[in-house]
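Letters go in sequence order (proteins before strands), and every chain restarts at 1. Computed from heavy atoms alone, side chains included, the values below leave out hydrogens, waters and symmetry copies.
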Amino acid sequence: MPVKKYWQSLEERENLRVDIRENPEKSHKNAVLDLLDSKTVDQQASRRDFLKLWGFSLGAAALSASCERPVQKAIPFLFRPEEVIPGVAKYFASTFFNGEEYASILVKTRDGRPIKLEPNDCSGFGATGTTARVQASILGLYDDSRYKHPTRNKDKITWEKADEEIVNALDSIKAKGGEIVILSGTVISPTTRAVMNEFRKKYPDTRLVSYDASSCSGMLKANLASFGRAVIPVYHFDRAEVIVSCGADFLATWLSPAEYAAQYASRRDPRKNDPCMSRHYQFETGMSVTGSNADTRIRIKPSQERIMLAALYNILARNLDASSYLAPKSPVSIDELAGELLSNRGKSLIVSGTNDAAIQQLVNEINYLLGNYGQTIDISRQLYVRAGLDEHMSQLVDDMQQGRVDALLCYNVNPAFDYPNAAAFIAGLSNVGLTVSFASHPDETADMVQYICPDSHYLESWNDAEAKTGCFSLGQPVIPTLFDTRQAQDTMLLWSSSSEDFLSSMRDQWQTNLFGRQDKYDSFDDFWNHSLQDGVFEIPADTGRQPEPNHDALRGIMEATGVSGSPDDIELQVYESVGLGTGKQANNPWLMELPDPVTKLTWDNVAAISPALGKKLGLTSGDVIRINDRIDLPVLLQPGQTDNTVSVAAGNRPARWHPVWDPIPIPCSRGNQRLI
Amino acid sequence: MVSAAGEHAYSHDQLKRGERLFYGLIPLGEGATGCASCHNIRELDTLNWYPSAYDIAVTSLEQSMEEFTAVLLSPSGQIMSRVHQHYDLSEDDLVLIKAYLEEVKKEGLTIRKPAITKKFLFILAILLILLAITDLVVTHKLRFKFVHTVLILACLFYIVDTTVREAIAVGRSPGYAPDQPIKFSHKIHAGQNKIDCLYCHNTAEHSKSAGIPSAGVCLNCHQLVVKEGTRSGSFEINKIIRAVKNNEPIIWNKVYNIPDHVFFSHTQHVKVGKLECTECHGVIEEMDIIQQFNDLSMGWCVNCHRDTEVQFIDNAFYKKYEKLHQELTEGKRDKVSVEDIGGIECMKCHY
């Protein structure tokens with residue numbers, strides 16, 4: 001009985017069809033190494049057979065090679081530290097947070113060098129796994145292209161000189177009443193926030209701006225309008241019988257993928273009966289990892305999402321005796337979905353990955369109608385990993401362009417690449433008197449600032465984090481700083497004329513704020529040491545009160561929902577790929593080598609279109625198209641892609657930031673643009 | 001004798017005189033021993049407790065003329081002061097001896113090449129076969145075909161036998177006994193003084209590598225207690241002290257090398273398997289220089305895994321093997337070998 005072989009690309013499928021039509025018996029043959037055939041390579045020969053053949057010949061060659069072996073040396077310590085046993089790895093708990101993704105990790109070290117990251121099973125936060133970007137981050141520690149010392153206008157200077165010059169500049173700005181801006185990614189470290197406040201005490205005219213490359217500003221604003229707090233709620237995918245996701249790739253890239261994937265997986269065993277397997281509906285444009293796991297996947301164009309949600313709200317409202325509004329009909333069939341949702345009230349979960357406040361508010365309303373708050377969504381606890389509001393950043397860029405900003409300190413951000421209007425930011429940068437970047441790895445923004453005061457890698461630094469309400473974790477250095485870098489928080493403390501370093505600040509903060517919230521340890525040192533060993537300190541909390549959302553804006557949103565453009569318009573969707581995301585670790589060779597789970601591509605970026613659109617425009621995989629008159633990309637015919645849409649991955653940065661390859665840069669833009 | 005650059009440049013005659021003095025061909029004094037009788041100039045295949053000419057050349061290079069003279073004529077160690085007697089050397093001669101040692105440092109010890117090698121015999125066998133076949137078929141010089149047949153068969157046998165043996169021996173090195181940077185004798189330490197293996201190789205119980213002890217372990221005794229060896233004097237012990245002082249780790253030559261594709265864990269065999277070190281590493285207590293006792297072939301490992309009984313009963317590691325424990329108590333089996341617990345699965349060692 002021959003093993004069924006599934007086609008892995010459209011070309012292979014075409015070949016198989018042709019083959020079955022022409023030689024029905026041949027398609028049942030076992031995979032033999034058909035390279036030796038005079039015809040072209042048959043799709044039956046697999047790469048495995050090729051490797052087997054080569055492996056044998058290489059082995060034979062190696063055997064008949066030189067018989068002399070080199071002398072092996074063994075070099076022991078001069079004085080071996082007691083806890084270092086050669087051959088045995090030591091694990092230390094730490095935290096990973098790069099402004100986008102959070103993970104509590106165990107760092108495996110050998111001989112004092114970290115070599116591997118594992119999930120920290122003491123953490124309740126997705127303790128079953130880490131994502132690709134977390135795993136790859138260890139390579140960034142040993143990156144030779146890291147900034148190795150502070151520079152001023154690309155010339156090497158010492159830390160003392162840099163500190164002196166920058167503090168003088170800041171003092172003079174303060175004296176004339178100028179404005180200092182600290183532009184950072186989302187900061188989830190309570191002690192770092194305290195450090196920034198210290199800085200503000202010395203320089204009162206300091207503005208703190210949070211900027212996220214993969215922004216959730218829409219959701220934050222929606223929750224602000226609905227519940228009065230700009231927060232991201234805590235989701236419980238494991239408590240949902242029906243999961244509906246509108247473009248939220250929650251298994252791979254959205255918000256907290258490791259955590260959601262663990263929760264989701266716990267409800268996906270078809271053999272279990274109590275609780276039984278959940279049902280997953282995915283509405284999306286391009287093929288994603290989450291979409292390929294869905295039970296029902298419905299393709300929609302980005303402009304159709306709001307219409308579909310509005311129609312869904314109306315159907316649910318009518319069945320639940322709430323008021324419905326005038327809105328266009330859904331472009332796709334949602335009756336079955338509505339029926340499932342109605343029979344699973346309080347046990348469903350609707351999420352959307354779109355950065356649009358109106359859509360997110362609609363989602364809130366639908367969830368509220370179905371009674372999901374308090375069950376699968378907990379608005380009383382929040383996830384802190386995104387705090388940036390888009391208008392703060394656009395206000396800042398505006399101010400920079402008008403020359404109203406005198407100093408800009410960039411911490412963990414790269415807007416010269418990933419801000420949608422990067423040109424405006426770059427133009428504004430030249431109007432700022434003092435520009436400093438704390439970047440540890442070279443990036444576009446650091447390339448344009450005056451002073452680079454490089455931050456140490458997170459594996460060389462102290463840090464703490466509060467990723468979720470009540471879930472605190474610590475990060476510790478597992479290797480001394482490899483280069484002449486200094487933790488950004490230490491630098492800021494120094495510039496604030498503080499006498500403390502960051503570690504003592506952390507201990508103070510934990511003693512003041514957290515030590516009293518537990519009763520397991522009597523002495524602070526015990527508490528600190530055990531928390532450091534575990535890596536986490538979690539305060540269990542029950543689900544709090546779930547307020548009713550404010551419905552004022554609903555009518556306006558519903559009535560403003562309308563069909564725009566014609567169905568033949570081609571829409572562009574920019575998404576975060578699993579490996580590169582928004583491009584923060586774009587020069588990491590592991591991430592570039594990582595085949596994208598959907599397209600199986602490595603290194604390159606493509607414009608994914610559906611085979612139907614390809615046929616209509618006469619395009620096949622490999623043809624180069626120009627998008628929005630700006631970017632040329634090769635086409636990939638992607639099965640599962642919505643017709644009349646193009647999907648492009650963000651995050652590929654140009655060649656200077658990784659010396660080998662030269663992909664085309666696509667910054668992660670906020671919305672979905674229309675193609676002309 | 002001093003060149004314009006200030007360096008010492010010695011003439012060929014002067015270096016030759018230095019060499020003759022070293023060998024003792026020019027008498028060093030009434031009843032004095034020649035240097036080369038203890039400090040070997042040729043590479044030896046046996047252990048020489050005294051430092052070779054190269055060893056003393058390395059140390060003499062760091063010494064000034066006064067220090068060198070002091071070591072030679074009024075040494076502090078017991079062995080040296082017993083042997084370095086009756087020297088009657090002029091200052092010039094001492095300078096020439098030191099100069100000759102500099103030459104030795106540059107050239108190294110002389111290597112004696114063996115007369116007849118295996119390669120030579122192999123090629124000879126091939127030539128003989130060709131000769132016999134040629135005569136048999138073409139030239140017919142020798143009448144008795146019997147001779148040809150015997151010659152061809154004998155050479156063929158030798159060639160095939162050698163090829164197979166050499167092929168099997170590729171990558172294996174039984175009997176490998178490299179010289180080490182310090183002449184450490186296991187016979188004295190493990191045999192005579194009965195120091196336990198695990199005192200020095202203490203990570204054998206905890207890690208996959210048994211480890212070579214750090215210099216600190218040596219200094220536990222040799223810093224204060226044993227400053228001079230009975231046979232090698234203080235020359236070798238000084239090497240440890242010098243390494244620690246200069247912060248340069250000692251670079252040992254690894255004797256037991258398994259290839260990279262093999263995983264071997266000492267802690268599994270020592271702590272769980274409770275094997276004695278000598279079972280695999282041979283009679284260490286009788287070896288001055290460690291030599292590789294077995295061929296470390298896969299067959300050797302697998303045979304032991306098949307035959308050796310594992311201590312199954314009072315062993316916390318094997319508590320989870322319920323089925324085997326049950327069979328033991330029921331009497332269905334009387335011993336558990338490593339094979340029974342999966343010890344010869346490929347993935348156990350080659351993953």
Side-chain angles (χ1 to χ4, degrees), chain A residues 47-92 106-118 121 129 135 138 142 478-480 482 533 590, chain B residues 118-119 163 165-173 176 178-181 200-220 223 240-261 263-268 290 292 296:
Chain A
R47 291 214 303 247
R48 234 184 187 174
D49 301 313
F50 182 79
L51 280 173
K52 269 190 231 164
L53 182 74
W54 273 108
F56 268 126
S57 21
L58 273 172
L63 199 63
S64 49
S66 154
C67 299
E68 259 191 38
R69 294 208 300 181
V71 174
Q72 298 258 33
K73 305 283 183 185
I75 311 177
F77 285 98
L78 277 176
F79 291 100
R80 176 169 78 84
E82 227 182 270
E83 61 272 3
V84 176
I85 301 179
V88 173
K90 288 204 98 54
Y91 291 83
F92 294 98
L106 289 177
V107 186
K108 176 178 183 184
T109 63
R110 264 193 206 274
D111 288 348
R113 295 175 192 85
I115 54 171
K116 176 77 166 60
L117 304 177
E118 308 285 354
D121 44 12
Q135 286 292 334
I138 195 163
Y142 301 111
V478 291
I479 188 171
L482 294 176
Q533 184 183 42
W590 285 354
Chain B
K118 271 198 267 186
K119 227 189 280 189
T163 313
R165 269 188 212 281
E166 288 298 306
I168 291 176
V170 167
R172 295 190 194 167
S173 45
Y176 176 53
D179 280 336
Q180 301 289 351
C200 294
H201 299 279
N202 43 33
T203 52
E205 275 200 317
H206 306 294
S207 161
K208 60 178 167 69
S209 90
I212 294 182
S214 52
V217 175
C218 310
L219 288 178
N220 282 344
Q223 181 139 52
I240 309 171
I241 298 176
R242 207 176 323 133
V244 173
K245 196 165 72 159
N246 297 338
N247 212 18
E248 286 166 359
I250 304 164
I251 304 178
W252 300 93
N253 293 316
K254 215 166 161 221
V255 180
Y256 284 86
N257 292 315
I258 50 172
D260 282 340
H261 56 260
F263 169 79
F264 175 80
S265 164
H266 270 94
T267 177
Q268 181 72 23
I290 293 297
Q292 191 177 319
L296 289 182

B:Ser207 (side chain) donor-acceptor with A:Pro86 (main chain) under 3.5 angstrom = yes
Non-hydrogen atoms of [X] and [Y] that approach each other most closely:
X: B:Ser214; Y: A:Leu78; answer: CB-O, 3.6 Å
X: B:His206; Y: A:Val88; answer: O-CG2, 3.3 Å
X: B:Pro249; Y: A:Pro76; answer: CB-O, 3.7 Å

Enclosure of A:Arg113 CZ (heavy-atom neighbours >12, cutoff 6.0 Å) = no
Do you know which of B:Ile250, B:Asn257, B:Thr203, B:Val255 has the most heavy-atom pairs under 4.5 Å to chain A?
-> B:Asn257
Test ring-ring contact (aromatic ring centres under 6.0 Å, His included) applied to B:His201 - qualifying residues, sequence neighbours left out | none
Output all residues satisfying ring-ring contact (aromatic ring centres under 6.0 Å, His included) with B:Phe263, sequence neighbours left out; order by chain, then residue number.
-> B:Tyr351
Taking the side chain as every heavy atom from C-beta outward, state whether A:Lys73 and B:Asn253 have any atom pair closer than 4.5 Å.
-> yes
Part of [X] lying under 4.5 Å from any heavy atom of chain A:
X: B:Ile240; answer: neither
X: B:Pro178; answer: neither
X: B:Asn247; answer: both

First locate atom CD of B:Glu248, then atom CD1 of A:Ile75, and finally report the distance between them rounded to the nearest 0.5 Å.
-> 11.5 Å
